[in-house]
Every structure is written in C-alpha cells, then in structure tokens.
A.B. asks: 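Take a look at this one; I'll ask things after.
Every chain is numbered from 1 and lettered A, B, ... according to where its sequence line falls, protein lines coming before strand lines. What you see is a predicted model; the values in this text were computed from it and never measured.
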Amino acid sequence: MESSPVVRPVLRRSSVWREDIIEDIHGKAQLGRYQYRGFSTLRGRPMPSFDDLVFIPASLTRVPLEGYREDCSTRTILGTRFAKKPIELETPIMVTGMSFGALSLNAKVALAKAATAVGTSTSTGDGGMLPEERENSRILIYEVLPSRYGTNVHHLKSANGIELAIGQGAKPGTGGVLLGAKVSDKIAEMRDLPPGVDQRSPCRHPDWMGPDDMVAKIEELREATDWQVPIFVKMGATRVYDDVKLAAKSGADVVVVDGMEGGTGASPDILIDHTGIPTLAAVCEARAALEDIRLYGVVQLIIAGGIRTGADAAKALALGADAVYLGTAALIALNCNRPIYIEDYHKLGTEPHACHHCHTGRCPVGITTQDPELTARLPIDEAAERVTNFFHALTSEIQMLARACGKADVHDLEPEDLRALTLESSMITGVPLVGTRYPFGGGPGWQREETGAPQG
Amino acid sequence: MKKASIDCRGKTTREINVQIRDFIADHATEIEILSPAARHNLGVATIEPVKMVFDGSVGYFCGGMIDGPEILVRGSAGWGLGETMMGGTIVVEGNAGNGAGAAIRNGTVVVRGHAAARAGISMKGGLLMIGGSVGYMSGFMMQKGTLIVCGDAAEGLADSMYLGTVYIGGKFESLGHDTEVSEPTDEDWKFLRENLSRFELPCDRPFRKIVAGRRLWNFDKKDFDIWKAVL
C-alpha cells in the first residue's frame, strides 16, 4: 500500500506556467480566438526603459540655473522644414492621437480643452474630427490613417498639422480595432459602418504602398493644405533606424516614433506584449537615423510610448526628441484607473489601478466608453482641469531637470547630461555606465570621447 | 461660363495647382489642363464646383479628396484616383492604376478602360464604375456605396465587405471572404441601366450582384473556417 503523500505546505508556482498563462489558455479555450484588451503592455519581465537612466546635474563642471530667477524655455516648434506655418507649442508635451470611438466625447473634449490651456496640441486620432474637438483645440493635428474613417477634406483643411499614420506602438503592423460594444449609432455614422459591428481596420493605406508612394502621398497632403501646415509621419517602433530614414527622405516635416509601451483602446493582447521595441531604444535609433542623413534638427522627432513623468519626457528630449506624445498618462490624469465606482470595476473582473478593459466599452470612469450614463461620469471641465494640472506639473519637472543640468532651454538637454544605471541601457543609448567613463555600445548622438573605450 | 487653360509644360505640380486655384478664385467654371504628363496630385482637394479637363494622362491621386468638381481625364490615371473624395464626378477615358476610387465617401468615379488592383477598396459611399476589368482584391473591405465592373475581376473580389454592393458583368477568378452572390433584382437592373447609360457604359452584360455575407461582422467561433483567414 502506498504511503500517504508528504505534505508540502509551500505552494510551488511555475515560472513557465504562471497564473496569467493558465488564465490565458482557459480564456482562449472558451473564446476560440485570441484575446483583446486595452491599455498598454502588461509584460511581467522588465524591459529597458527611461528608468535605467539618471541625470547628472551641474556641480563644478557645469553651473546650474537658479530656479526662481532664470528662465528655462519650453517653447517647442515643429514643422520647420517645409510648412509655411510651423506649429508653436508652449511645452514639448503633446496629446497623442486617440479616436472618438476609443474615447468618449467628454474625454476628447476635455483633452482638447486641456491642451489648449497649456498651449499644446491634441489630435483627432482615427474616425474623423469631432466639431467639438475642433472648437476646443487651438492646435489640432488631423490624422490620416489606413482606415480613412470619417476622412473629410474640409476638416483636413482646418487642421494645424496633418499626421500620416503608418502604425502605432501598441500594435505595429496591424490595423485598429473597435469592438461592437463601442460602435454606437453615432460612431457608426461617422465611420460609415454598421452599428455594433466589430470594426477591424485595414493595416495598409488603400491608395499607396511603400516609401516611394509615400513621397507622392505627402505631396498630396501638402497640396491639399496649400503647404501651410506640417506633415507628420507616425509609425510604430520596429525597424526604427531604417523607417525613420525613409519617412524623412519621403518629405516628412516631423517623424513620430511610438514605442511598444504605447497604449491602445483595443488590440489582441499578444500584439501589445510581443511586438515592437521599447521607447528608450526607439528614440536612440530614430536620432541616429536622422543624424546619418543629416536631417537631425531639420526634421523634428516626436517620441511616444509609455511617457509617464517629466523625467521620462526630459530623458527623451536629452536623447534626441523634440517633443513627446502622451496618451495613457493623459487618460490617467482624466481619471483612468481612479478608485471610484469600484463596483463597476468589479463587474469587469478587475480593480482600480489594474484596469485594462478599455475594449469592453464599460469604462467605469467614462473615458473609454460610448455609453451615455458612463460618459456622464466624466464632467468635461473638471477632467480638463486635471489634465491641465498634470501637463503643467510635467512641464515643470522637465524644466527643473533642465535647470539642474544648467540648461536655459529644455531642448538643450543632451546625452551628456545622462548616465546609465545598467549595462543594457548603456549599450542601447551610448550613455556611459555609472562609475565608468565608457559608453558601452554604439548608441547614437553621443560624442564619444577618445578614452580608449571599447568600440561599440 | 468662364473658361481658362493651363499648359503644364515646364511647370511643377505646385505651380499647376496654384494656377488652378487662382482661376477658381477668378470664377473660372471650366479649366483645361494641357500636357499634364502624368504628374501626381493634380487638382487634389478641390472643393469648388468647377470642371477640370486634363488633356492627357495623370499620375497618382488625381482628384483625391475633392468635394464638388467635375473632372475629365483624356488619358489614363495613376494610383488612388479620386481617393477619399466626398462629392463630384471623375471620368477617366483610359485606364486607372491601383486603388481607383479608394475610400470614396460620395460622388461618382468612372473609368472607361480597366482598373488595376484594389479598385473600390474601403469605399464608404458613392459610385465607382469600371468599363473594363479590375485587378485583385477589388472592393476589399468596402463599407458602403456601389462598385460596378462591366468586365472581369481578378481573385479576391469583394473580400471582407462590411456593406455596399458590387456588380460584376464578366467573370471573376475568385470571390473574397464572406460574400453572397445573387442575381440582380428588377430594381438593381434599373439602377444599373440608369447609371451605366449616363456614361455610355455597356448595360448588356450578365451582371451578378455581390454583397457581404455579414459573418465577419461579429466573431463567432462556429465560423472559424472563415475567420482563420481574416483574423
């Protein structure tokens, strides 16, 4: 007779068959397809990020600026290459493209009001321009996407900039998704779709393909807007070094690179977690690409994807960005994941601070929904004030770091103001590892000293 | 009626389009554009009810994003003819490249000859009529509107349509996913005759009607055979 099993009170959990993996398999076994979700990457493994860098402010080798007395400019100009009317911003923080459809009307208008209040821009995103968004945005970027939902020449002509979207960081190489619960009658009308349909957008533009065609497409957008406004090209961060060169060579005024930490209203979660490269790497490759074709400083660079704080933004600027896009962080400032209406988080099977259920259309705080009752939970002016405050705070944080580094303009931050905390980030950025004077790796933008450092 | 004329020889696209706009501002009602030499982006985003006659072939995106004009091309057209237009009429006497009538929201596009791949892709309204044949994936992800092809179609016709109607007068190599083919009703024939005869296109073809099967509107695991190709 077999003896009784030995009692082992310590639960031994597999690092291979983790709880989330088991839950994922159970879900797919029920659904018969991949799983959708919103928000941003939920990868358990850490990835290289701006957190791996620190600033090294002035001491004796540099003189810091006096915070109370000496100005530190945050003025940001985009589109100086060809546009007759470049975009002038009061801060290098911009609101990224998020559609009416993914977001509620109240969220869109609140973001527009906040952007205007802080002197920056917002963006239509997919699905066309809301009149209310145009009315409340001093500077509005009009996105031209593969889907062409709601594309309207009159709206395009009223925009302050045009963004030709090739892809996004959360799901590069694939089209947008808006599940039926969010395709309300109004959204369906704007997008020329049947109400309630699971909308899956094309991933390729319908009328051009590849960089040679894009030259003509950019010229079309310039002709359509009389060469007045800047043309942005936005892409998900994949083969950034080559793609940025192609975008710049094709005639873009501004290139936007969206790293894999970028958010989404809905995507197969396998794409959110397993495609694209981190934003930290993306900014380095993008800068190197522009430098290689001698267009760095001529073509402006916007970096997006998981920018959360003034420190993230300042590090992106130091590594070569002219401005940063905020998406998820701006939604969090609106109220995303705030612990209110907690019972409605529970109905979704989640909790405040862990909600990524934007795709369901049941956003407890009225941001990623088309349900009128839920939308009403986001009063526009209060929400706009929160985002305004948040953007002001971030702008101040960037200024604080720049002043500490002795810079009178946030755009004067440079790689030399940084040090890497990890060998990995040193190799990616070309910034010396702390405690060394060596850039371990061939990172871009770094003026390598003749120190006998290892060749990157 | 006030007529004007532009000779494109020696001029850039920018110069030609500026001149077109200057003539429109000067109340021209018909502008003849001579020797366009297949330049891209001619007459794009014009939103006035002017007639533009291109005396020769045009390049990419001719008539792109227009709302209101009447355009005649005495030649052939490159990719993206009339893309995303919101209103007006475009007639091409020759052939058209890829993506003719791509994502149009309204208005009428007529190609008397053949159109290449992806004609009528992502149409959101309006009417696209092809006198000849079309290339692969024509009518792909069509949302609304009508595509009439008097000739044949290459593979993948009307793939993954949301809504809209495709009429095909000749043969098709293969249909796209989730399509339903039927014989036109009396009302369909009336619509075909009225619109084709308006542009002297052939009405005497054995047209068949293709619409969306609507199985792709919302996922159902029972339909995995069709979804596995499009997910």
A.B. asks: Out of D213(A), L156(A), T225(A), return the one with the most heavy atom pairs under 4.5 angstrom to chain B.
C.D. replies: D213(A)
A.B. asks: If the threshold is 4.0 Å, N to carboxylate O, is there a salt bridge linking R14(B) and E219(A)?
C.D. replies: no
A.B. asks: Does anything in residues 115-131 of chain B get under 4.5 Å of chain A by heavy atoms, and if so which residues?
C.D. replies: R118(B), I121(B), S122(B), K124(B)
A.B. asks: Give the minimum heavy-atom separation between Y149(A) and Q143(B), together with the two atoms involved.
C.D. replies: CE2-OE1, 3.3 Å
A.B. asks: Among the options P194(A), P146(A), G180(A), pick out the one with the most heavy-atom pairs lying under 4.5 Å from chain B.
C.D. replies: P194(A)
A.B. asks: For the interface with chain B, which of L31(A), T174(A), N152(A), V183(A) has the highest count of heavy-atom pairs at distances below 4.5 Å?
C.D. replies: N152(A)
A.B. asks: Charged N to carboxylate O below 4.0 Å: is that the case for R33(A) and D220(B)?
C.D. replies: no
A.B. asks: Which of the residues M86(B), R105(B), R21(B) is involved in the greatest number of heavy-atom pairs with chain A at under 4.5 angstrom?
C.D. replies: R105(B)
A.B. asks: For atom CG of D185(A), is the number of surrounding heavy atoms from other residues, nucleotides or ligands below 6.0 Å larger than 12?
C.D. replies: no
A.B. asks: Check the surroundings of atom NZ in K157(A): do more than 12 heavy atoms from other residues, nucleotides or ligands lie under 6.0 Å from it?
C.D. replies: yes
A.B. asks: About how many Å separate NZ of K217(A) and CZ of F61(B), when rounded to the nearest 0.5 Å?
C.D. replies: 4.5 Å
A.B. asks: Please give me the minimum heavy-atom distance between D207(A) and A102(B), naming the atom from each residue.
C.D. replies: CB-CB, 4.2 Å
A.B. asks: Is any residue of residues 33-48 of chain B within less than 4.5 Å of chain A by heavy atoms, and which ones?
C.D. replies: H40(B), N41(B), V44(B), A45(B), I47(B)
A.B. asks: I need the T151(A) OG1 to M65(B) CE distance, nearest 0.5 Å.
C.D. replies: 9.0 Å
A.B. asks: Taking all heavy atoms of F219(B) and all of G32(A), pick out the closest pair and write down the distance.
C.D. replies: CZ-O, 3.5 Å
A.B. asks: State the CZ-CZ distance between F140(B) and R204(A), to the nearest 0.5 angstrom.
C.D. replies: 7.5 Å
A.B. asks: Return the OG to CE distance between S147(A) and M141(B), rounded to the nearest 0.5 Å.
C.D. replies: 9.0 Å
A.B. asks: Kindly write out the residues that satisfy salt bridge (charged side-chain N to carboxylate O under 4.0 Å, His left out) with K144(B), not counting sequence neighbours, or none if the list is empty.
C.D. replies: D192(A)
A.B. asks: Does any heavy atom of chain B fall under 4.5 Å from the side chain of R222(A), the backbone, both, or neither of them?
C.D. replies: neither
A.B. asks: Which atom pair, heavy atoms only, marks the closest approach of E223(A) to N17(B)?
C.D. replies: OE1-ND2, 2.9 Å
A.B. asks: Give a yes or no on this: more than 12 heavy atoms of other residues, nucleotides or ligands lie within 6.0 Å of atom NZ of K85(A).
C.D. replies: no
A.B. asks: Give a yes or no on whether I270(A) atom CD1 has more than 12 heavy-atom contacts from other residues, nucleotides or ligands under 6.0 Å away.
C.D. replies: no
A.B. asks: Check this for me: E15(B), atom CD, are more than 12 non-hydrogen atoms of other residues, nucleotides or ligands nearer than 6.0 Å?
C.D. replies: yes
A.B. asks: In chain order, what residues pass the side chain to side chain donor-acceptor pair (under 3.5 Å) check against W217(B), with sequence neighbours excluded?
C.D. replies: none
A.B. asks: Side chain, backbone, both or neither: which part of N218(B) has an atom under 4.5 Å from a heavy atom of chain A?
C.D. replies: both
